[in-house]
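The next block holds one structure in the form of structure tokens; read it before the comments.
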2 protein chains.
Amino acid sequence: MLKPINTMKEVAKRAGVSVSTVSRVLANKDYIKANTRKKVEEAAKELNYRPNVMAKGLKLGRSNAIAIMIPSIDNLIFPEIVRGVEDVARSKNYVVTLCNTDEDVDKEKVYMKKLSNMGVDGMVVATMRADSHHITELYIDNFPVVLTSRHFDNTIDAIIIDNYRAAYDAVKYLISRGYKNIAIALGNKELPLYANRYAGYKDALLEANLTFNQEYVMEEINNTDSFYPLCTNLLKKHREIDCIFATNDIRAITCMRAIKDLGLNIPSDIGVMGFDDIKISALVEPPLTTTNQKLYEIGAKAARRLIEQIIYQKENGELLSPEIKILDTNLIIRKSTK
Amino acid sequence: MLKPINTMKEVAKRAGVSVSTVSRVLANKDYIKANTRKKVEEAAKELNYRPNVMAKGLKLGRSNAIAIMIPSIDNLIFPEIVRGVEDVARSKNYVVTLCNTDEDVDKEKVYMKKLSNMGVDGMVVATMRADSHHITELYIDNFPVVLTSRHFDNTIDAIIIDNYRAAYDAVKYLISRGYKNIAIALGNKELPLYANRYAGYKDALLEANLTFNQEYVMEEINNTDSFYPLCTNLLKKHREIDCIFATNDIRAITCMRAIKDLGLNIPSDIGVMGFDDIKISALVEPPLTTTNQKLYEIGAKAARRLIEQIIYQKENGELLSPEIKILDTNLIIRKSTK
DNA sequence: CTGAAAGCGCTAACAG
DNA sequence: CTGTTAGCGCTTTCAG
């Protein structure tokens, strides 16, 4: 272990004071005679004193570490969110532990146990599911948690977007551009975020008197990226489809690949719309029309709120009452739709 | 803090034994009478005992946490590497702390200090530079470090690829396909990995009796993604350029964007080759010809080696002698070159 | 204003 | 085979 070289004891000896005095000046507490403070500070500097975070944590019951729980950092919305989390955590002197769960509840539970044993001070979780009782329980125990991406109910802090509305608006836009047979590349609809995007899609269709066709819905097969064959098959069968609404950008880009490999043109033969606006989406050919959600900001806001809760909790023994923050989204019109 | 509810003391009381006995059975040490073991295990289960990692860490001088230091998780090679690290860390019961440094040495030093105070057991670092003395010093102090992506010298464990050779082979392939005026989209050439790719590029050119033209090298301007304008301007000025060798995939994809916006066709007007083979590269239009490096494996191997070193170091007080593992790379021929 | 002492939860001699 | 004891490095009463 890279352990701190010198302890308070040695600083104390060198400064000719007691460890409690050292502790006090280093923590900036109480009144200290200016002279003692100076002696201690000098001694600390000379010895290159560095605090032992574990000892402090053991004593104080906190670690200045938070965790972020996500399905996988490989899913390109998460690098941006995680970066937001990490930036504000660092700025507030917290360190972040990254946990990939692959949507596997068992893996997640194991992690939670580990983290709890480690004494992390809070966590931002992007893996909430309807049945994630292990998470709601944390909250009940006054353990700081903030949800991102996925919302549960109004009892836990969350930074989210209005998935229904965003999808609804997006599909409405497609319709306004003259698309009539709009298929959907749908993520796991057990997850409310996709259920909501799905509902927005359907409602926009219905409102425009377009019939919703069950055959037009491509559903991801057990969390694998299966949209290339799905899309290929769908378009072979239904050449009347003129547009695909994908529930995230990677799915959109995958469908674009399939469409081009079929020799079809985007957007003149088929329009494609994504969701999320990950960075790569501006670069692909054609640049992807999509709905922007401020991923970095979601992460940053989540971390900020989390730390606010941690501090409040420490001082008051309970959490601030939950806040659900709904960030707005924007339609980004690029070239993959006509 | 989500703190473990019950301590060993309480388990001991319930089982009617001493804490040391509890400690022993829970750590599976020494010989324990079968009956005592049973009593303790039952008590622990009934009380839902969970160890306090900080206390253990304080006592033992280790934390079962490692860190990974990278420029930014936003750079798409890192999600894959980090995933590799995290997977093996988790499997060996380590937790990983993510540190983005933005190539900023000061930020990195602050992190290192923090991590050291926290008692992380080791770190994989992808941010090595020629002047990273703070890192070589760690190693000298027998602190486990393994480098990825960037190599320093043979005194520190590293999992890398042969950047020179890979670039050389790549450019040689381009030449074999008939390209004659090959420009390069070059990353920061202070970094050996880019210097090496650059050298490979030059040497392949020279060997084929193609003149190396300084005007053909686009250089990134202070770590910002500036290749779109760079590429646009270069091609406007030098319409004889028939191919671009980019030193990573994102730069390649950015150049592709610029090329298309100029109304040029890939690969018939201009070929483009990337480097890294990040996942998105197979999906873009046209699919990117590139050099694959096994990013996930690099991360996984780095973590495995790191943990090996941690364990060895704990037992022997010193590190295993350094090993530089050079993973092979593969040219992936797709459609962005003719 | 400062020191002594207790103790956070755990492990590891040491002594039976 | 098991209990007693000391102590990891720090903070925090409690007394001066």
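These numbers come from a predicted model, not from an experiment. The sequence lines fix the lettering, A, B, ..., with proteins before strands; numbering per chain opens at 1.
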Please give, in whole Å, the distance from [N] [atom2] to [X] [atom1]?
| X | N | atom1 | atom2 | result |
| --- | --- | --- | --- | --- |
| B/N64 | C/dT11 | CG | P | 12 Å |
| A/N52 | D/dC10 | CG | P | 6 Å |
| A/K9 | D/dG7 | NZ | C1' | 9 Å |
| B/R24 | D/dC1 | CZ | P | 12 Å |
| B/M54 | C/dT11 | CE | P | 14 Å |
| A/M8 | C/dT2 | CE | P | 15 Å |
| A/L26 | C/dT2 | CG | C1' | 15 Å |
| B/K314 | C/dT11 | NZ | P | 13 Å |

Among [options], find the nucleotide with the atom closest to the side chain of [X].
| X | options | value |
| --- | --- | --- |
| B/K59 | C/dG9, C/dT2, D/dC10 | C/dG9 |
| A/S23 | D/dG9, D/dT11, D/dG3 | D/dT11 |
| A/K56 | C/dG3, C/dA13, D/dT11 | D/dT11 |
| B/T36 | C/dT2, D/dC10, D/dT2 | D/dT2 |
| B/L60 | D/dT2, C/dG3, C/dA12 | C/dA12 |

Side-chain donor/acceptor of A/S20 to base of D/dT11, under 3.5 Å: no

Do B/R50 and C/dG9 have a side chain to base donor-acceptor pair shorter than 3.5 Å? no

A/S18 side chain near C/dT2 phosphate (N/O to OP1/OP2, under 4.0 Å): no

OP1 or OP2 of C/dG9 sitting under 4.0 Å from any side-chain N/O of B/T7? no

Could you report the tightest heavy-atom contact between A/N93 and B/K114, atom names first, then the distance? O-NZ, 2.9 Å

Taking every heavy atom of B/N100 against every heavy atom of B/I73, the minimum-distance pair comes out as ND2-N, 2.8 Å

Taking for each residue the nucleotide of DNA chain C bearing the nearest heavy atom, is the 5' side occupied by A/L58 or by A/A34? A/A34

Taking side chain as C-beta onward, heavy atoms only, is A/I70 less than 4.5 Å from A/I81? no

Within the supplied structure, the quantity of interest is the number of heavy atoms (other residues, nucleotides, ligands) at a distance under 6.0 Å from A/K33 NZ; does it exceed 12? no

Which one of A/L319, A/I135, A/V120, A/I310 satisfies the side chain to side chain contact (heavy atoms under 4.5 Å, CB included) criterion with A/F143? A/V120

Hey, which sits more toward the 5' end of DNA chain D by its nearest nucleotide, B/A55 or B/G16? B/G16

